2 protein chains.
Amino acid sequence: MNDKPDPPTRRHATLKDVAEACGLSVATVSRYLNRSIKLPPATIGRIDAAIAALNYQPNQHARSLSLGRSETIGLVVPDISNPYFAHLAASVEQAASEFGLGLVLCPTLSRTDREIDYLGRLARRHVDGLLFATNNGDDPALGRALQGTSTVVLVDDDIIGARAPTIMADSDQGGFLAARHLIEMGHRRLGYVGGPAGLSSSRGRLGGFRRAVAASERPVTIAAEIQGPYSSEHGRLAAGQILALDPVPSAVFAASDEIVLGLLSVFKQRGVRVGIDISVVAFDDVGPLQLFDPPLTAIRQPVERLGRRAVEMVLDLIKGEMREPVSEVLPVELIIRESVKPPRS
Amino acid sequence: MNDKPDPPTRRHATLKDVAEACGLSVATVSRYLNRSIKLPPATIGRIDAAIAALNYQPNQHARSLSLGRSETIGLVVPDISNPYFAHLAASVEQAASEFGLGLVLCPTLSRTDREIDYLGRLARRHVDGLLFATNNGDDPALGRALQGTSTVVLVDDDIIGARAPTIMADSDQGGFLAARHLIEMGHRRLGYVGGPAGLSSSRGRLGGFRRAVAASERPVTIAAEIQGPYSSEHGRLAAGQILALDPVPSAVFAASDEIVLGLLSVFKQRGVRVGIDISVVAFDDVGPLQLFDPPLTAIRQPVERLGRRAVEMVLDLIKGEMREPVSEVLPVELIIRESVKPPRS
DNA sequence: CTGAAAGCGCTTACAG
DNA sequence: CTGAAAGCGCTTACAG
């Protein structure tokens with residue numbers, strides 16, 4: 001009888017332990033685990049028993065080192081506490097886990113240096129691919145850093161100078177639907193509060209907005225086009241400018257949830273009643289906009305589909321199945337609630 | 001002259017390449033990179049130049065395998081698209097990156113099997129430690145799975161049967177402050193809509209709530225104690241039950257942001273005016289509660305501090321500096337806005 | 001101070 | 001079909 005206890009310091013069973021326990025070589029066990037081999041049922045039973053008995057867990061680092069890949073992707077986002085990116089992260093995670101991919105989150109605080117750092121992480125093979133959402137798409141340094149990469153897909157916005165596949169919502173159509181809705185409801189003097197002038201998502205929303213105004217049979221004017229960061233602070237500032245206009249526009253479009261939050265907080269504090277004194281259309285529609293005062297009409301981004309499709313695209317890239325970078329655009333939707341009413345007077 | 005081009009297939013420079021390029025051994029370069037050596041300035045210059053020229057990036061998998069640790073921690077959460085956990089993730093990420101730790105996100109959809117899976121990831125040394133937030137703390141299987149682990153800190157809620165350090169908000173105090181505020185505002189008939197009966201966070205909130213009621217000099221009754229998941233769906237169901245009461249309580253406390261969202265949507269659709277027909281206090285205060293109709297009075301959780309402290313604790317654990325599992329409680333705060341008014345009549 | 005060498009735990013081409 | 005062995009790219013105790 002062999003009563004020698006296992007050395008108590010051994011923390012984790014290795015493949016070697018499993019192989020010894022069932023009288024096989026590590027090669028065979030490894031092949032079995034990677035399904036690249038057929039074994040008699042009896043052997044399978046022995047291996048499974050040994051794995052269970054030793055509570056064997058493969059060491060991912062060893063595996064990744066040997067394989068040269070990690071079966072993990074990264075999601076680069078400006079700020080995970082922003083509901084839009086939080087929802088994007090949730091949908092990406094869901095899709096990634098269905099494909100057996102791990103996900104690591106890479107929040108950048110919108111700092112280009114951190115964004116470039118994460119590209120380095122890709123180079124270091126920490127991850128096999130990157131889903132890249134940024135608000136710095138107009139920074140040439142970022143575009144340059146993207147040049148050398150091959151498994152990056154751009155999500156939600158473009159980066160100038162980057163030749164990478166992209167997946168985004170139809171910003172142009174979103175801007176168009178927003179303006180058309182406002183015009184149909186009788187508004188003739190509109191305010192536009194958008195994102196950064198250099199961003200393609202922002203340009204798209206403004207372009208669509210103008211397009212609907214130009215297409216209107218009635219004379220419609222855009223009383224203000226205020227661009228800035230996709231932030232509530234920018235929304236607050238813009239609200240002040242909008243309210244200082246004479247006359248004040250009867251309706252405003254805010255190009256993101258964050259912006260509309262800022263807008264609303266100033267309106268509220270100044271006693272400007274949404275839907276009565278001023279109509280509002282928002283963009284994104286990931287927050288609880290239906291619970292606001294009044295429930296907010298908004299252009300909804302297809303966040304779920306965006307995340308899933310991004311994962312599929314990066315997988316194609318990793319597998320080398322995408323020859324030329326493709327660019328996909330997903331439709332948006334106008335959700336009518338109660339923040340747009342015909343103008344007074 | 002040596003004009004031989006580099007083999008074009010070589011994808012990444014390794015430590016060996018760097019060492020060769022500057023006429024040193026890999027050992028020396030490695031030591032330099034890990035700051036465990038002092039080198040003459042000239043040598044440092046040579047190494048740095050070679051690293052830059054070759055664009056050398058250390059391979060993390062090799063490093064982790066060799067070191068036996070990954071300098072990465074995991075954050076296990078039920079749902080990253082829930083603003084509470086999204087904010088928690090943001091604060092954890094911030095703190096982790098300050099300590100030079102990577103963060104991987106582990107969303108569980110509240111499924112115990114996935115939670116246990118992530119514990120396995122820890123065992124596989126994929127991460128050095130885990131920050132664990134769960135709504136399944138009453139599941140004995142989870143408690144059992146936690147037994148074998150040594151570098152897990154429980155965040156935001158307890159797990160029965162687990163002997164792990166914990167960091168949470170003061171739920172009891174939160175429930176107490178909520179009820180006391182309601183009582184001070186003149187309410188005598190209260191509704192309580194809480195989380196799962198088995199969870200310590202939930203029990204704490206209810207306990208504090210009852211304690212304030214018991215401490216009241218005036219007779220106060222809790223007309224309903226409705227427990228269920230921390231979800232908006234549960235909030236919607238509970239709203240129906242609350243409104244079916246006769247008489248309807250003049251005020252209700254909702255033990256999470258999600259629950260209050262559900263409550264509000266039913267109130268809105270039934271024409272029950274918050275602050276007029278019924279007063280409301282929420283819990284968490286991470287969403288844009290100040291923009292709701294009316295702005296919501298709430299107990300605010302110290303999410304930032306929670307995240308940071310959790311990271312510090314797991315680091316202590318990893319470094320072996322925590323002998324006995326400690327348990328910390330962070331204070332909450334009552335944020336008075338406009339959803340609590342004296343009862344009518 | 002510096003380097004040659006072993007070792008971390010896998011995978012897989014190569015040989016029997 | 002199966003195994004011995006090389007290799008992935010690091011770190012570090014050990015020797016000079």
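Each chain gets a letter, A, B and so on, in the order its sequence line appears, and its residues count up from 1. Because the structure is predicted, anything quoted here is derived from the model rather than measured.
- Across the interface with DNA chain D, nearest-nucleotide mapping of B/Ala27 and B/His61 shows B/His61 to be the residue nearer the 5′ end.
- Separating the CG atom of A/Asn59 from the P atom of D/dC8 is a distance of 18 Å, rounded to the nearest angstrom.
- For D/dG7, the base has a donor-acceptor partner in the side chain of A/Ser66 [N/O atoms by modelled type, under 3.5 angstrom].
- Residues A/Asp156 and A/Phe85 form a side-chain contact, since some pair of their non-hydrogen atoms from C-beta on lies under 4.5 Å apart.
- The side-chain heavy atoms of B/Glu312 and B/Val153, taken from C-beta on, include no pair separated by under 4.5 Å.
- Taking the charged nitrogens against the carboxylate oxygens, B/Glu93 and A/Arg114 do have a contact shorter than 4.0 Å, which makes a salt bridge.
- Taking atom OH of residue A/Tyr32 and atom P of nucleotide D/dT2, one finds them 13 Å apart after rounding to whole Å.
- Regarding A/Lys16, its NZ atom lies at a distance of 17 Å from the C1' atom of C/dT11, rounded to whole Å.
- Rounding to whole angstrom units, CG of residue B/Leu33 and P of D/dT12 are separated by 12 Å.
- Side-chain proximity of B/Tyr56 to D/dC10, C/dG3, C/dT11: nearest is D/dC10.
- Helical stems in DNA chain C, defined as runs of 3 or more consecutive Watson-Crick or G-U wobble pairs with donor-acceptor distances under 3.5 Å: C:1-3 with D:14-16, C:5-12 with D:5-12, C:14-16 with D:1-3.
- When the P atom of D/dA4 is taken as reference, atom CG of A/Leu15 falls 13 Å away, rounded to whole Å.
- When each of A/Gln57 and B/Ser25 is assigned the nucleotide of DNA chain C with its nearest heavy atom, B/Ser25 is the one assigned upstream, toward the 5' end.
- Here the side chains of B/Asp17 and B/Leu15 are not in contact, with every heavy-atom distance at 4.5 Å or above.
- Within the nucleic acid shown, A/Leu67 comes within 4.0 Å of sugar-phosphate atoms alone, with no base atom in reach, counting heavy atoms only.
- Atom CD of B/Gln60 and atom C1' of C/dC8 are 15 Å apart (whole Å).
- Side-chain proximity of B/Thr28 to the nucleotides D/dG9, C/dT11, C/dT2 is greatest for C/dT2.
- In this structure, the nucleotide among C/dT2, D/dG3, D/dT11 sitting nearest to the side chain of B/Arg31 is C/dT2.
- B/Leu65 has its CG atom 14 Å from the P atom of C/dG7, to the nearest Å.
- Closest to the B/Ser30 side chain, of the nucleotides D/dG3, D/dT11, C/dT2, is D/dT11.
- Annotation: side chain of B/Val155 is not in contact with side chain of B/Arg309 (no heavy-atom distance under 4.5 Å).
- Salt-bridge formation is detected for the pair B/Glu324/B/Arg163: a Lys NZ or Arg NE/NH1/NH2 atom is positioned less than 4.0 Å from an Asp or Glu carboxylate oxygen.
- Atom-to-atom, CZ of A/Arg63 to P of D/dC10 comes out at 20 Å; the value is rounded to the nearest Å.
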Identify each donor-acceptor pair in which a side-chain atom of residues 130-142 of chain A lies under 3.5 Å from a protein atom, sequence neighbours left out, and give them as a table.
from	atom 1	to	atom 2	distance (Å)
A/Thr134	OG1	A/Glu115	OE1	3.3
A/Thr134	OG1	A/Glu115	OE2	2.6
A/Thr134	OG1	A/Asn136	N	2.8
A/Asn136	ND2	A/Ser110	O	2.7
A/Asn136	ND2	A/Glu115	OE1	3.1
A/Asp139	OD1	A/Ala141	N	2.8
A/Asp139	OD2	A/Thr112	OG1	3.2

